[in-house]
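Letters A, B, ... mirror the listed sequences (proteins, then strands); counts begin at 1.
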Amino acid sequence: MIVDDRVLHEDFVPSEVVHRHEEVNHLSETLEPLLSDARPETAFLFGPTGVGKTCIARYTVDQLCEQLPSVRTVYVNCWQEYTRFRVLYSVLEAIDRAFDIHRSTPKDELFRRLSDADDQPIVAILDEVDQLEETEVLYDLHRLPHVSLVLIANREEELFASFDDRVRSRLRAGTRVQFDRYGTDELVAILEERAVQGLEPGAIDERHLRTVADAAAGDARVGIGILRSAVRRADRRGLESVTDDVLAESIPDARTAIRRKTVEQLIEHQRVLYDLIAEAGEIEPGELYAAYEAAVDDPKTNRTLRNYLTKMVHYDLIEAVGERRGRTYRLVDDE
DNA sequence: CATCCACCGGAAGTGAAGGGAT
DNA sequence: ATCCCTTCACTTCCGGTGGATG
């Protein structure tokens, strides 16, 4: 049933964009000055998850590369690379200037090397930039005339709130591209395109795609996840095409899969906290700390737990209700 | 109303790990 | 082999805040 597995992967970049022409144009206009050797403004892509921000950024930058092969491009996911060092390192790595750089290399050396590498323009896509812990690195990159930035985040206000003053004032100018939730029809078209490219003809019909799109509620990532899960399930059962039954089983499956993936990224002690909160439903900090200390062999300090908890709130896994005294923690409910 | 005090989170310090220089 | 330097996860210390308590 599956012809090309990659197409059903969420970070696949299609060769043709189904919707979002307007957004693509807006972004490519912003980057256009590069063609005449000028420096583009910083571009911001805002919108909820699964609306194609990452995909459109990569697609547009790829297109630019075809017109202008000399431009170097970097994609950095700030969820993983959240320190100044790691971001700078990722950029250097992408332009092949990362040789003999290691932990003991001072950060300023990384920056110096990057500013020396000004023979070719660099376009850096920083995804999930609101996860960045050392936002000064944006100031660093912005200072370099040969580096252009494409910054991706969920909400503008929250992103700017996390910046320090210097970064905020430098980046206030810049182009904003807003992405809205897909409608069902748009999502069906996107899924159809993937099905055409990745599946055997007739593997899934339009009616089922519509069901998938409805269940995904405007989130293409969830939609593609459901599609992938349904097709695999049907394949395992030796079916020729996706049926109602298979689809019904795949929907809840794919919905929790994304969260599960995030939970898996947590380190052991964070997961203990997560499980304790899940078990209690809702729990006060004092009680949570006590339960944690009882649950593990070598407990971390209270302060470290608070760091873990704020991180997990950031990841949208748990939610803190109330302020200071009287606060409780609970899991984020799945609408 | 005054005073606790549970909790939050910033700042600075510690020590392990990794690697260069000598 | 030794010393020195870095980053990074964690700890120690502490000031601020506002609901709880009498």
Side-chain angles (χ1 to χ4, degrees), chain A residues 74 76-94 96-117 124 126 128-141 157-168 262-277 279-332:
Chain A
V74 196
V76 182
N77 188 325
C78 300
W79 188 297
Q80 275 103 41
E81 326 299 334
Y82 50 83
T83 64
R84 182 175 178 232
F85 184 90
R86 289 192 196 172
V87 171
L88 291 176
Y89 184 85
S90 302
V91 177
L92 283 168
E93 200 174 32
D96 302 319
R97 305 272 179 128
F99 46 84
D100 69 319
I101 286 185
H102 7 70
R103 287 164 67 97
S104 60
T105 312
K107 286 185 235 190
D108 291 342
E109 163 68 16
L110 299 200
F111 179 71
R112 202 185 54 72
R113 240 195 241 208
L114 194 55
S115 60
D116 287 348
L126 301 194
E128 318 234 28
V129 70
D130 45 356
Q131 298 294 324
L132 205 55
E133 281 177 14
E134 295 172 10
T135 56
E136 322 91 78
V137 70
L138 296 176
Y139 177 78
D140 291 336
L141 293 172
E157 309 83 75
E158 277 164 32
L159 178 66
F160 276 84
S162 70
F163 289 166
D164 66 54
D165 293 341
R166 210 172 47 162
V167 176
R168 198 176 301 138
T262 316
V263 174
E264 273 164 21
Q265 284 181 10
L266 299 176
I267 60 175
E268 190 197 332
H269 289 247
Q270 292 170 337
R271 190 145 54 224
V272 170
L273 284 173
Y274 181 84
D275 290 341
L276 285 169
I277 296 168
E279 205 178 301
E282 185 152 0
I283 189 165
E284 287 168 24
E287 211 182 322
L288 178 60
Y289 299 146
Y292 162 80
E293 273 168 16
V296 299
D297 281 345
D298 196 5
K300 312 279 185 202
T301 56
N302 200 296
R303 184 69 184 86
T304 302
L305 294 200
R306 286 197 309 265
N307 283 340
Y308 287 169
L309 288 167
T310 42
K311 190 161 265 184
M312 285 156 70
V313 169
H314 237 82
Y315 289 174
D316 227 18
L317 287 172
I318 62 170
E319 138 181 81
V321 188
E323 288 294 311
R324 305 205 158 70
R325 200 171 175 148
R327 166 179 278 201
T328 59
Y329 291 101
R330 65 175 182 223
L331 298 193
V332 169

Is the shortest side-chain N/O distance from A/His102 to OP1 or OP2 of C/dT6 below 4.0 Å? no

Assert yes or no for the condition that the ring centre distance of A/Phe160 to A/Phe163 is strictly below 6.0 Å. yes

Show your reasoning for whether salt bridge (Lys or Arg N to Asp or Glu O under 4.0 Å) applies to A/Arg112 and A/Asp116. CA-CA 6 Å; A/Arg112 202 185 54 72; A/Asp116 287 348; 3.0 Å; yes

Salt bridge flag under 4.0 Å for residues A/Glu268 and A/Arg271: no

Rounding to a whole Å, what distance do you find between A/Glu133:CD and B/dG9:C1'? 13 Å

Hey, is the side chain of A/Tyr82 poking within less than 4.0 Å of OP1 or OP2 on C/dC8, counting only N and O atoms? no

Closest to side chain of A/Thr83, choosing from B/dC8, C/dC8, B/dG19: C/dC8

To the nearest angstrom, how far is A/Glu323 atom CD from B/dC5 atom P? 22 Å

Considering every strand and a 4.0 Å limit on heavy-atom distances, what is the contact class for A/Gly326: base, sugar-phosphate, or nothing? nothing

Base, sugar-phosphate alone, or nothing: which one does A/Arg86 contact when heavy atoms must sit under 4.0 Å apart? sugar-phosphate

Do A/Gln270 and A/Tyr274 have side chains that get closer than 4.5 Å, going by heavy atoms? no

Report yes or no: is there a donor-acceptor pair, N or O only, under 3.5 Å between the side chain of A/Arg324 and the base of C/dG18? no

Phosphate oxygens OP1/OP2 of C/dT11: is one of them under 4.0 Å from a side-chain N or O of A/Thr301? yes

Over how many whole Å does the gap from A/Glu81 atom CD to C/dC8 atom C1' extend? 14 Å

Send over the distance from A/Leu305 CG to C/dT11 C1', rounded to a whole Å. 12 Å

Candidates C/dC10, C/dT7, B/dC8 - which lies nearest the side chain of A/Ile267: C/dC10

Specify the separation, in whole Å, of atom CG of A/Leu88 and atom P of C/dT6. 16 Å

Determine whether any donor atom in the side chain of A/Arg325 lies under 3.5 Å from an acceptor atom in the base of B/dC5, or the reverse, and answer yes or no. yes

Between CD1 of A/Ile101 and P of C/dC5 the distance, given in whole Å, is 20 Å

Once you round it to whole Å, what is the distance between C1' of C/dC4 and CD of A/Glu109? 17 Å

Closest nucleotide among C/dC8, B/dG9, B/dC8 to the A/Thr310 side chain: B/dG9

For the side chain of A/Lys300, starting at C-beta, report the closest nucleotide among B/dG9, C/dT11, C/dA20. C/dT11

Rounded to whole Å, the CZ-P distance (A/Arg112 to C/dT6) equals 15 Å

Hey, is the side chain of A/Tyr308 poking within less than 4.0 Å of OP1 or OP2 on B/dC8, counting only N and O atoms? no

A/Tyr89 side-chain N/O to A/Glu81 backbone N/O, donor-acceptor pair under 3.5 Å: no

Which of A/Arg84, A/Arg86, A/Lys107 passes salt bridge (charged side-chain N to carboxylate O under 4.0 Å, His left out) with A/Glu134? Answer is A/Lys107

Checking contacts here: which listed nucleotide (C/dT7, B/dC4, B/dC8) is nearest the side-chain heavy atoms of A/Phe85? C/dT7

From the candidates C/dT12, C/dT7, C/dA9, the one with an atom nearest any side-chain atom of A/Arg303 is C/dT12

